[in-house]
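Below, chains carry the letters A, B, ... as their sequence lines are ordered, and counting in each starts from 1. Computation of the quantities below employed the complete heavy-atom set of this structure, encompassing side-chain atoms and omitting hydrogens, waters and symmetry-equivalent molecules.
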Number of protein chains: 2
Amino acid sequence: MHVEPVLTANQQLVFKALGDAEAPLSAYTILERLQGKGIKAPLQVYRALEKLIDFGLVHRLESLNAFVVCDHHGDHTQHPVAFAICDSCGLVAEFVDSSVQEGLSRWTTGHAFRPKRVTVELRGLCETCDGASK
Amino acid sequence: MHVEPVLTANQQLVFKALGDAEAPLSAYTILERLQGKGIKAPLQVYRALEKLIDFGLVHRLESLNAFVVCDHHGDHTQHPVAFAICDSCGLVAEFVDSSVQEGLSRWTTGHAFRPKRVTVELRGLCETCDGASK
DNA sequence: AGTCGTGACGTTATTACATTACATAATTCA
DNA sequence: TGAATTATGTAATGTAATAACGTCACGACT
């Protein structure tokens, strides 16, 4: 089973800010949006993000230096997730693909590499934006 | 066929700095190492890196904000590459895995997503460092 | 020769992202 | 209760990246 972690005040603020946004937010954008609600300094945001990521509630997008709420259903465990990020509208699709996972785990076991963190990010254009750019 | 691009002076400096290093270098580390050899400002490094990446001679590691020379043999074309990065010794292994590629391209075609740039990075411990950490 | 376009270069300043350091409150639990 | 841990607040600093400007070198035309 899985126990939902209790979020502190700052963590709730940051989590909600991310949930309300429709695109990934940078730490400093989160900061801006929470000025006046109790958040005043970058570190408050970064600390909250760190915990939220630990809890599996939030993902960091490395290629964007930005953050999104995790999208997968029940369990917030450690399976690696992939992201497709639209450079035009900011839409982020989170997905899991078994053959990607197999390929990666085949390589890691074959090379005795012990992975701790996996980043798979596709940057490009979503269907809508790609269609619109014609 | 493929024509080797002619590198400008700054590009050569940056490329050599990366080649001489055994681990990924950040842009500012490159800058430090090239002070006194004609490079004085961040932008000189960033511009050279941009070109080297365009040429396919260098890769950017998103999860590290750092750069390495490309490791694959002959052709420097656009196929997506994956990296395994040891967090302990900095070793970077560059590899291509067909089932990862299939998985990603299956998803993108299925969702009409047009990828422009693909990032696949595994952070963890290489065989040596993992063994040593017991 | 002159001028035009292009691409690399140089410099300064600024923006964006992230962490260190240190002091203080709150919580847990032996 | 009191020691240990965990969260907090604040300021300063460190690191990564780009904006905005102008200049220089060179080849292509006319």
Rounding to an integer number of Å, can you tell me how far [X] [atom1] sits from [N] [atom2]?
X: A/L64; N: D/dT18; atom1: CG; atom2: P; result: 12 Å
X: B/Q11; N: C/dA8; atom1: CD; atom2: C1'; result: 8 Å
X: B/Q44; N: D/dA19; atom1: CD; atom2: C1'; result: 16 Å
X: B/E62; N: C/dC17; atom1: CD; atom2: P; result: 13 Å
X: B/Y46; N: D/dA20; atom1: OH; atom2: P; result: 18 Å
X: A/L49; N: D/dT8; atom1: CG; atom2: C1'; result: 16 Å
X: B/I39; N: C/dA8; atom1: CD1; atom2: P; result: 14 Å
X: B/L7; N: C/dA8; atom1: CG; atom2: P; result: 11 Å

For residues B/A27 and B/V45, report the shortest heavy-atom separation together with the two atoms involved. O-CG1, 3.7 Å
Identify which nucleotide among [options] has an atom closest to any side-chain atom of [X], counting heavy atoms from C-beta outward.
X: A/N10; options: C/dC9, D/dG9, D/dA16; value: D/dG9
X: B/L43; options: C/dA18, C/dT11, C/dC9; value: C/dT11
X: A/N65; options: C/dG10, C/dA18, D/dT10; value: C/dA18
X: A/S26; options: C/dA8, D/dT8, C/dC17; value: C/dC17
X: A/F67; options: C/dG10, D/dT8, C/dA18; value: C/dA18

Taking atom types as modelled, is there a side-chain donor on A/D97 or A/S99 under 3.5 Å from an acceptor on the other? yes
Decide whether B/T108 and B/S105 meet the rule of one side-chain donor and one side-chain acceptor closer than 3.5 Å. no
Closer than 4.0 Å, any side-chain N/O of B/K40 to the OP1 or OP2 of C/dG10? no
For A/Y28 and C/dC17, say yes or no: do the ring centres fall under 5.5 Å of each other while the ring planes differ by less than 30°? yes
Cationic N near anionic O, under 4.0 Å, A/R123 to B/E62: no
Is the distance from the ring center of B/F67 to that of B/H59 below 6.0 Å? no
Pick the nucleotide of DNA chain D nearest each of B/R47 and B/R60; which residue has the one closer to the 5' end? B/R60
